[in-house]
Structures are given as structure tokens and as C-alpha cells.
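Here the structure comes first, spelled out in C-alpha cells, and everything after it is commentary.
To find a chain, count down the sequence lines: A is the first, B the second, and so on, and within it residues start at 1. Note that the coordinates shown come from a computational prediction; the quantities given were computed from them, not determined experimentally.
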Amino acid sequence: MNPPRVRIAPSPTGPLHIGTARTALFNALYARHTGGTFLLRLEDTDVARSTVAFEADILEGLHWLGITWDEGPDAAGGEDNGPYGPYRQMQRLDRYAAAVAGLLERDLAYPCFCSAEELDADRKAQEAAHLPPKYVGRCATLTADERAARATGGRPPAIRFRVPAEVVAFDDAVRGRVEIDTSNLGGDFVIVRGDGTPLYHFTVVVDDAAMEISHVIRGEDHLSNTPKHILLFRALGHPEPVFAHLPLILNPDRTKMSKRKSQTAISDYIAQGFIREALVNYLALLGWSTGSEEEILSFDEIAARFDLDHVQKGGAVFDRERLEWMNGQWIRRLADDDLVTRLLPFLEADHIAGRIDRTPTADEVQVLLPMIRERLPTLGAVGDLIGFLWIDRLVADPAVLVPKRWDPATTLAGLIAARAVIADTGAVSFEADELEPPLRELAEARGWKAGDLFMAIRVAVTGRTATPPLFDTLVALGRERTLARLDAAIATLEGASR
RNA sequence: GCCCCCAUCGUCUAGAGGCCUAGGACGCCACCCUUUCAAGGUGGAGAUCAGGGGUUCGAAUCCCCUUGGGGGUACCA
């Protein structure tokens with residue numbers, strides 16, 4: 001048995017979709033587990049909708065996820081690598097033409113001169129008669145003379161594949177035996193458009209055959225079309241690959257995941273600060289399981305365990321909350337310098353967007369890691385968490401400045417007293433261990449709850465009620481800015497009370 | 001409409017005839033820790049395994065039917 005050859009065949013007609021990413025991942029995992037070959041082929045025959053920008057988004061997104069292929073184009077518009085190239089369908093048109101010529105010659109396919117209007121009328125008639133839509137076969141039995149006559153009419157024909165009457169059966173690697181009667185396939189289907197460009201069902205088979213694909217691992221949405229592909233493999237005289245149909249990723253309402261109802265573009269997840277380790281881990285566990293209770297696993301750990309037997313048959317709802325939890329798990333596992341490197345672009349984006357007044361340095365972020373690490377569900381949350389450190393003029397809302405159990409007068413008194421204590425202690429050394437005891441003493445002496453006093457200070461210096469631990473925050477802010485923000489808050493309260 | 005596929009806690013899932021009075025995780029609720037928020041710890045609620053028939057000494061696991069859901073049905077991929 002030769003090592004498996006599997007592929008992902010994205011169409012550059014949209015940004016990298018979460019479903020495509022998962023299918024790519026499953027194929028890559030299968031190849032890595034079995035020592036097989038994983039290749040990428042671009043299905044760009046829908047010229048009207050395909051763009052280089054989408055191509056770049058897809059290839060870069062897969063690279064970002066850490067999914068690598070052994071054959072195929074590495075970059076958008078770049079060179080193809082591998083012995084079965086080219087790996088772009090628009091560069092393989094001669095092969096489809098040759099394959100069609102062969103089918104035509106053996107009368108396994110034929111030219112169809114029907115116009116869109118005729119086809120439309122057929123479909124409407126069938127609908128009215130409550131019959132399933134099906135090509136009526138008007139051009140199936142044309143004689144050579146008739147074809148020649150129609151051809152001179154100027155309308156270039158499409159090419160249809162003759163669907164034989166039989167029951168096609170195959171053993172799906174995840175679903176078991178599937179049998180479909182070809183009478184339900186909708187009649188002879190078009191494999192080449194009138195303009196000469198080949199269609200998906202045809203190109204996918206010609207290429208999978210030419211590239212010696214052994215296992216076709218793809219979404220369940222292709223299950224019903226599989227008999228067409230099998231018929232084509234047979235007509236081409238090529239052995240059929242093993243098919244494995246993955247369960248679909250679903251919207252919360254259990255329909256096929258769509259951009260209308262869910263966030264489907266990988267680039268959006270990247271932009272929000274999800275990290276590749278979490279996305280890969282989460283996606284692998286959507287529709288597949290180890291068979292055990294392990295769940296936080298790296299790509300390599302998953303590849304070592306991967307198999308088609310544990311692929312789920314039913315669709316899986318995409319649960320963003322679980323993804324966020326897993327993202328937090330992986331963020332906590334990252335090495336310090338790695339986390340800083342990944343955080344910086346988000347801080348820079350906050351700066352550009354005007355949410356903070358400057359981008360901090362790597363060193364500045366590095367020392368803050370202990371106080372933010374377990375508070376980051378996503379990298380994108382960093383600005384909300386500690387952005388106040390890089391804001392020049394902080395304006396604290398008087399309404400939130402006053403702790404729940406306190407009134408404005410108490411808050412004012414508390415902040416004035418706290419300012420004095422901080423100014424005193426801080427003169428020696430501005431450290432968390434030095435700041436906490438005297439402030440606790442202050443609270444006790446005045447009969448305040450320490451938590452209330454701390455909350456007032458917290459809001460005064462950060463503008464928010466949820467922050468990293470207070471004393472670490474004061475130290476990160478520094479003595480000067482802490483005092484200045486306390487002064488500003490005191491002024492705000494005095495202003496509000498007048 | 002027709003064809004195909006699917007069906008275990010709200011969600012992701014373990015489970016391949018007795019180990020299941022159905023296990024884990026997310027989320028939710030309590031409590032602990034605690035200056036807030038997290039993280040972490042402990043405990044809890046939550047699934048008559050869609051329903052009904054079989055097969056079997058025994059079924060979440062096998063078979064059939066029903067119901068429900070999804071997908072496909074293009075000169076899109």
C-alpha cells in the first residue's frame with residue numbers, strides 16, 4: 001500500500017473560511033499521521049469570482065495556522081512546487097480539454113446546444129408537474145448531421161456527461177456504505193460550459209485522478225455529489241479514491257455555518273487575537289475526538305492521535321465561548337517573549353486607532369506579563385486590560401469614581417488621604433509591598449473597608465473598575481502619574497460637589 | 001418535491017451488548033481563595049441516550065418504523 005495522498009482544494013472566491021480551514025487541517029493531520037503527502041490545489045475555474053486577493057488570504061491564513069503542504073503553490077501568484085503540477089486549475093485547461101476529447105470520442109459525453117431559456121422552461125415545467133428537476137436529454141441523441149447543423153447556428157455547445165442508469169455504491173470512511181441510484185442525479189450533467197471552461201465536478205475528478213489522490217477528505221456537503229465523481233473516475237479509467245465526508249460546522253441554529261449567521265473568516269479570528277494553537281486545537285476537536293478525555297493538544301500531539309474512525313457523523317455547532325476558553329488556555333502556555341511578540345501588534349493597532357497615545361516597547365510589556373496573562377481571553381483584550389498605562393490624559397467618570405458603598409464626600413476624603421499616604425511611602429521606594437500596608441492602615445484608622453478605598457483609588461488611576469491587582473498597577477503607572485491621576489480625580493470630585 | 005446523511009446534558013463530546021444508577025469539557029449556579037477582574041480549587045444543577053417497536057438473559061450501543069434536523073438537487077465551488 002502506497003502512502004496516502006490527500007489534498008485541500010480551496011476556491012479563491014472568498015476569504016479563508018473556517019470550514020475550509022478545518023477540512024485542510026483534517027487532511028494535513030491525516031497525512032502527517034500516516035506519513036502521506038498533503039497537497040494544495042487552487043480551484044480557480046470560477047473566473048468571475050476568483051481573485052488574487054482571496055488567494056493570498058487563503059494561503060496566508062493556512063500558513064498562519066501552521067498548516068503546511070508538501071505540494072502546491074506556497075504564495076499567491078507564486079511558483080508551484082511538486083511533481084504533479086501545475087496546481088492551479090486555470091493552468092490545467094489543456095488536461096481537461098484532453099479528458100473531454102477522450103470522453104467525446106467514446107460517446108461518454110456529448111455536446112449540448114440547449115439555451116438557458118430552454119433549460120429554464122424545462123425546469124419550470126417539471127416544477128409545475130411536481131417532478132424533480134432533471135435534464136430532459138434533448139441533445140443526448142442528436143445525430144452527427146444535427147450537431148453540425150446546430151453548431152453552425154453560432155451557439156457554442158456545452159458538454160454533458162452521460163449518466164448511466166445504475167446504483168452507485170461506495171464505502172465512506174466515516175459513514176460506511178452509501179448507495180445512490182443515478183436516476184436521482186438530475187440527468188446528464190454539464191462538465192464544460194459553452195465558453196469552454198470546465199466545471200467543478202469534472203475538474204475535481206480529472207485532477208484528483210492525475211494527482212493520484214488516494215483519500216478525498218471533504219465536507220459532507222459533497223456527499224450527494226460523490227456518485228457523479230465516481231462515475232467520472234470510472235469513465236476516465238482511473239481507480240476511485242477512498243471518500244471520507246466530514247460533518248459540517250453549524251451556526252447556532254444548526255444550519256450550515258455561514259457568514260450571515262456566524263463569523264466565518266479566519267482573518268477575523270486572527271484580528272481579534274485568537275492564536276493558532278487554540279484555533280487548531282479547537283477545530284480539530286470539532287467533529288473529531290481522541291477517544292479519550294484529553295483536550296488541550298498541540299498540532300503534533302493531535303497528528304500523533306488522528307484517525308478517521310473517531311470522526312463524528314453529525315454536524316457540530318461552532319461554540320465561540322469554548323474557543324475563547326481554549327484560547328486562554330493556550331495564551332497561558334505561551335513563553336514570555338513569544339506572548340510579548342504576539343501582543344505588540346494589537347497594542348500598535350490600539351495606538352493607530354487612537355485608543356492609546358503610544359505603543360509600548362517589548363520590555364515594557366514583558367514586565368507586565370505576570371499581571372495580565374491569566375486575564376487575556378484573546379490577545380485583542382490587552383488594550384482594554386492595561387491600555388490606561390499609555391493614555392496621556394485619563395478622564396475618570398465621577399459616577400464610577402464613587403465605590404458602591406460610598407458617597408462622593410467619603411470618596412473625596414478617601415482619595416485625599418490616600419494621596420498623602422502614597423506620596424509619603426512612595427518617596428522611599430515605589431513598590432507594591434511598600435504601598436499596601438500603609439493604605440490598609442489608613443482604611444482601618446478611618447473605619448473604611450480596605451476594598452472600598454482600593455476601589456476608589458483603582459478607578460481614579462485607571463478609569464475602570466476591573467483591572468489587574470491594584471498595587472502592581474500603581475507601580476506600573478509610576479509615582480508621578482499615580483499622584484497626578486489622584487489629583488485629577490480629586491479635582492473632578494470637588495468640581496462635581498460644587 | 002425528490003435523493004442522501006444524521007440524531008447522547010444548552011454546546012463540543014466519551015461510549016463500538018453487560019465496566020453506564022451514562023463519563024469529561026465549555027457555559028451556568030454556589031462555595032473557597034481574594035483589593036476589583038481574572039486564573040485556580042471544591043461542589044452542584046443539567047441527557048428517562050429523539051419516540052416507538054423488535055433482536056437478546058441483557059441495548060445508548062444491533063435491526064425496523066416514526067419524528068426531527070441537516071445537506072444535495074446550477075453552464076457555483
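- A:Glu277 has no carboxylate O lying under 4.0 Å from a charged side-chain N of A:Arg333, or vice versa, which leaves the two without a salt bridge.
- Within the 4.0 angstrom heavy-atom criterion, only backbone atoms of the sugar-phosphate kind lie near A:Gly291; the bases stay farther away.
- Chain A approaches RNA chain B within less than 4.0 angstrom (heavy atoms of the protein), and the contacting nucleotides run 5' to 3' from B:rG1 to B:rA77.
- Geometrically, A:Arg320 does not engage A:Phe318 in a cation-pi contact, judged by NZ or CZ lying under 6.0 Å from the ring centre and within 45° of the ring axis.
- The pair A:Arg355-A:Asp350 meets the salt-bridge criterion, with a side-chain N (NZ, NE, NH1 or NH2) lying under 4.0 Å from an Asp/Glu carboxylate O.
- As judged by a 4.0 angstrom heavy-atom cut-off over every strand, A:Leu119 is placed among the base-contacting residues.
- Using a 4.0 Å heavy-atom distance criterion, A:Gly287 is classed as a sugar-phosphate-only contact.
- Remark: B:rU36 base-pairs with no nucleotide; criterion is Watson-Crick or G-U wobble with both hydrogen-bond distances under 3.5 Å.
- Within the nucleic acid shown, A:Ser224 comes within 4.0 Å of at least one base atom, counting heavy atoms only.
- With both ends at atom C1', the span from B:rG1 to B:rG24 equals 43 Å, rounded to whole Å.
- Taking the C1' atoms as reference points, B:rC6 lies 16 Å from B:rU13, given to the whole Å.
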### Trace of the salt bridge (Lys or Arg N to Asp or Glu O under 4.0 Å) decision for A:Glu127 with A:Lys134
CA-CA 10 Å; A:Glu127 210 168 289; A:Lys134 182 172 188 165; over 6 Å; no

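- In a base pair of the Watson-Crick type (N1 to N3 plus N6-O4 or O6-N4) or a G-U wobble (N1-O2 and O6-N3), with each distance short of 3.5 Å, B:rU73 is matched with B:rG1.
- Under the Watson-Crick or G-U wobble criterion, with both distances below 3.5 Å, B:rC49 has no partner in any strand shown.
- Nucleotides B:rC12 and B:rA77 are separated by 28 Å at their C1' atoms, to the nearest Å.
- Heavy atoms of A:Pro10 sit nowhere under 4.0 angstrom from any nucleic acid atom.
- Nucleotides B:rA7 and B:rA50 have their C1' atoms positioned 7 Å apart, rounded to a whole Å.
- Mapping A:Gln312 and A:Arg458 onto RNA chain B by nearest heavy atom places A:Gln312 at the nucleotide closer to the 5' end.
- Spacing between B:rG51 and B:rG69 at atom C1', rounded to whole Å, works out to 15 Å.
- No donor-acceptor distance shorter than 3.5 angstrom exists from the side chain of A:Thr255 to the backbone of A:Asn251, with no hydrogens or angles considered.
- Within 4.0 Å (heavy atoms only), A:Phe471 reaches at least one base atom of the nucleic acid.
- As judged by a 4.0 angstrom heavy-atom cut-off over every strand, A:Gly314 is placed among residues touching the sugar-phosphate backbone only.
- Scanning all heavy atoms of the two residues, the minimum distance from A:Asn281 to A:Ile296 falls at OD1-CA, 3.3 Å.
- A:Val216 pairs in a side-chain contact (heavy atoms from CB on, under 4.5 Å) with only one of the listed residues (A:Val242, A:Asp208, A:Val205), which is A:Asp208.
- Here A:Leu286 lies in heavy-atom contact (under 4.0 Å) with sugar-phosphate atoms only.
- B:rU67 and B:rA7 make up a base pair, with Watson-Crick or G-U wobble contacts both under 3.5 Å.
- Among the protein residues, A:Thr255 comes within range of the sugar-phosphate backbone only, with heavy atoms under 4.0 Å from sugar or phosphate atoms but none that close to a base.
- Distance noted for atom C1' between B:rC49 and B:rU61: 10 Å (whole Å).
- Side-chain contact between A:Leu297 and A:Arg305: present, with at least one pair of heavy atoms (C-beta onward) separated by less than 4.5 Å.
- A:His245 comes within 4.0 angstrom of nothing in the nucleic acid, heavy atoms only.
- Using P as the reference atom, B:rG53 and B:rG58 are 15 Å apart when rounded to the nearest Å.
- Judged by distance alone, with hydrogens and angles left aside, the side-chain atoms of A:Thr203 form a donor-acceptor pair with the main-chain N or O of A:Tyr200 at under 3.5 Å.
- Using a 4.0 Å heavy-atom distance criterion, A:Arg464 is classed as making no nucleic acid contact.
- Nucleic acid contact for A:Pro227: none, since no nucleic acid atom lies under 4.0 Å from a heavy atom of the residue.
- Look at the C1' atom in both B:rG15 and B:rG23: the space between them is 9 Å, to the nearest Å.
- Nucleotide B:rC28 is matched to B:rG44 when pairs are restricted to Watson-Crick or G-U wobble geometry with both distances under 3.5 angstrom.
- Comparing A:Lys313 and A:Ala316, the nucleotide of RNA chain B nearest to each residue sits closer to the 5' end for A:Lys313.
- Within the nucleic acid shown, A:Asp46 comes within 4.0 Å of sugar-phosphate atoms alone, with no base atom in reach, counting heavy atoms only.
- Within 4.0 Å of A:Thr45, counting heavy atoms only, lie sugar-phosphate atoms of the nucleic acid but no base atom.
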